[in-house]
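Have a look at the structure below, then the notes.
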Amino acid sequence: MATFQTLPGFREFYPDDLARRKHIFDLWRRTAHHFGFVEYDAPVLEPLELYKAKSGDEIEAQLFSFTDKGGREVALRPEMTPTVCRLVGARINALKRPVKWFSIAEFYRYERMQKGRGRCFFQLNADIFGEPGPEAEIELVALLIQCLASFGLTEQDFYIRLSDRNLWFYYLEALGLDEARIRGVLGAVDRYEKYGDEAFKAYTEQFGELDASLKAKVLAFLEIKSIEALEATLAAVGHAKLGARLADWRKLLGGLDAMGLTKFIAVDLGVVRGLAYYTGFVFEAFDRKGELRALAGGGRYDDLVEKLGGPALPAVGFAIGDMTFALLLEQRGLMPNFIQAPDVYCVIGGEAARRAAFGDIHALRAAGRRVDYPLKEVAFGKQFKLAADSGAKLALIYGDDEVAQGKVKIRDLTDRTEHEVARGDVLAVVRDFFSAG
Ligand code: HAM
């Protein structure tokens with residue numbers, strides 16, 4: 001009965017799952033607002049062309065794409081970055097700079113399924129357009145950290161690996177490689193942690209074996225884990241742009257330090273990011289224990305808006321995925337248990353009682369209370385168990401005798417105390433109960 005199952009890698013959200021997802025989104029959204037970012041949204045289906053030769057081979061191979069009934073080549077979005085470039089590029093003259101935007105949306109990639117990776121997943125994307133300097137990176141790395149820390153995660157749980165594709169370019173250029181070879185080496189560096197020497201296979205196939213002394217230098221460079229080691233290695237390299245670039249590094253690290261965030265940061269030249277469009281600083285967030293796939297990734301992409309037909313516009317941003325992140329929260333016991341209980345449960349007698357109760361139920365709901373009751377008549381005695389099981393704090397008891405006397409019983413389901421009130425006072429009594437406690 002395959003038609004009655006979800007497609008591999010796709011997820012269904014039962015109410016408890018959705019409560020957890022909503023918790024994550026709510027806190028991400030609130031945090032992005034605190035940093036002055038505003039929210040946007042965009043279509044889930046896009047022209048295939050938007051991703052061709054822009055996102056990179058890996059994402060291109062993972063596209064869910066098809067021809068629509070109008071003969072258009074289309075794809076489910078695998079990421080937000082090209083889309084947000086189009087949105088911002090099209091209205092840049094009307095937008096106040098810097099543009100600080102975020103979105104929470106679903107994405108689709110035909111990936112090999114594994115822990116923390118599916119074929120549909122959500123991301124928080126946050127991006128800044130119009131700021132060429134490392135001030136934008138300070139803002140975004142700080143936002144990324146706070147989006148994780150606001151759930152109670154600390155520097156013992158996660159950290160940000162910070163690297164720089166510019167430095168890689170300058171270094172490899174100084175070592176005599178041309179742009180195509182530099183891109184080839186960066187592709188190998190991106191895969192090196194996972195595949196070791198195998199990572200150079202594609203480079204070797206395209207350009208022949210990388211010279212042994214060059215390779216040794218590449219492997220030493222990707223091991224760099226501090227700004228001091230970086231400066232020492234680069235001191236011997238002659239490249240006109242290096243001095244200014246190291247000044248950008250100091251500004252970025254200094255800004256994060258002033259925010260008290262150094263404890264979350266690891267300089268790590270081993271990160272170069274697989275996506276094709278990054279042009280400068282790049283960063284990824286990982287769990288400290290190194291058990292999970294990346295939590296988040298991002299970086300600068302100063303050419304992409306223009307490549308997509310917009311104006312020249314510097315840009316930098318990141319995305320956090322929901323799947324690895326939820327796993328980490330669960331592992332650390334930081335995912336709350338969500339109890340979806342009504343505030344009030346009504347226990348109702350016969351027909352006349354039901355009519356009386358309905359008036360109050362609707363009025364209470366309209367006043368903003370969560371109220372539930374048995375949809376159909378159920379034996380009066382049984383309803384007390386339903387009320388207790390519902391998780392409600394208060395039961396309103398519309399027994400036939402009470403209703404005949406114009407009264408309702410109110411039972412506090414926590415301490416099991418009970419008292420009678422006049423029907424006309426129910427709304428006020430319930431309101432006072434919840435505002436007091
Ligand atoms: P990305 O590294 O491809 O970057 O994805 C960012 C995060 O999305 C990953 O770290 C991971 O948590 C999550 N993610 C990616 N693929 C999957 C998957 N198949 N299953 C579950 N989670 C996944 C980007 O997407 C860039 N567009 C980010 C960006 C925004 N760069 C600049 N602005």
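Start at 1 and go down the list; that is how both ligands and their atoms are numbered.
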Can you tell me if [X] has a non-hydrogen atom under 4.0 Å from ligand 1?
{"X": "Y278", "value": "yes"}
{"X": "R293", "value": "no"}
{"X": "A315", "value": "no"}
{"X": "Y301", "value": "yes"}

Quick check on contacts: which atoms of ligand 1 are under 4.0 angstrom from a heavy atom of [X]?
{"X": "M323", "value": "21 (C)"}
{"X": "E111", "value": "16 (N), 17 (C), 18 (C), 19 (N)"}
{"X": "T81", "value": "26 (C), 27 (N), 29 (C), 30 (C), 31 (N), 32 (C), 33 (N)"}
{"X": "F318", "value": "29 (C), 30 (C), 32 (C), 33 (N)"}
{"X": "A294", "value": "10 (O), 11 (C), 12 (O)"}
{"X": "G297", "value": "10 (O), 28 (C)"}

Using heavy atoms and a threshold below 4.0 Å, how should the contact between [X] and ligand 1 be classified: side chain, backbone, both, or neither?
{"X": "L275", "result": "side chain"}
{"X": "Y277", "result": "side chain"}
{"X": "A296", "result": "backbone"}
{"X": "D127", "result": "side chain"}
{"X": "R273", "result": "side chain"}

Report yes if [X] has an N/O atom closer than 3.5 Å to an N/O atom of ligand 1; otherwise report no.
{"X": "E284", "answer": "no"}
{"X": "F121", "answer": "no"}
{"X": "L295", "answer": "yes"}
{"X": "I320", "answer": "no"}
{"X": "N125", "answer": "no"}

Quick test: of every protein heavy atom, which one is nearest to [atom], and how far off is it to 0.1 Å?
{"atom": "atom 13 (C) of ligand 1", "answer": "G321 CA, 3.7 Å"}
{"atom": "atom 5 (O) of ligand 1", "answer": "Q123 NE2, 3.2 Å"}
{"atom": "atom 20 (N) of ligand 1", "answer": "G118 N, 3.0 Å"}

Aromatic centroids of W28 and F325 separated by under 6.0 Å: yes

Within the 6.0 Å centroid threshold, strictly below: F10 and F64: yes

The one among Q114, E79, R109 that brings a heavy atom closest to atom 3 (O) of ligand 1: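 Of the listed residues, R109 has the closest heavy atom.
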
Winner among S103, G116, C85 once heavy atoms are compared against atom 21 (C) of ligand 1: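 Checking each option, the heavy atom nearest atom 21 (C) of ligand 1 is found in G116.
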
Partner of W101 under ring pair (Phe, Tyr, Trp, His ring centres under 6.0 Å), chosen from F35, Y40, F37: Y40

R288 atom CZ, neighbour heavy-atom count above 12 within 6.0 Å: yes

Does the side chain of [Y] come within less than 4.5 Å of [X]'s, by heavy atoms?
{"X": "E209", "Y": "F200", "result": "no"}
{"X": "Y170", "Y": "V237", "result": "no"}
{"X": "L222", "Y": "W168", "result": "yes"}
{"X": "Q146", "Y": "H34", "result": "no"}

Closest contact, heavy atoms only, F207 versus A180: CZ-O, 3.5 Å

Minimum heavy-atom distance M335-I24, with the two atoms named: CE-CD1, 4.0 Å

From R117, R20, R11, R21, residue fulfilling salt bridge (charged side-chain N to carboxylate O under 4.0 Å, His left out) relative to D322: R11

Is the Lys NZ or Arg CZ of [X] less than 6.0 Å from the centre of [Y]'s six-membered ring, within 45° of the axis?
{"X": "R245", "Y": "F281", "answer": "yes"}
{"X": "R161", "Y": "F286", "answer": "yes"}
{"X": "K307", "Y": "Y277", "answer": "no"}

Flag, side chain of Q340 to backbone of P15, donor-acceptor distance under 3.5 Å: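 Indeed, once roles are kept as given, a pair shorter than 3.5 Å links the two residues.
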
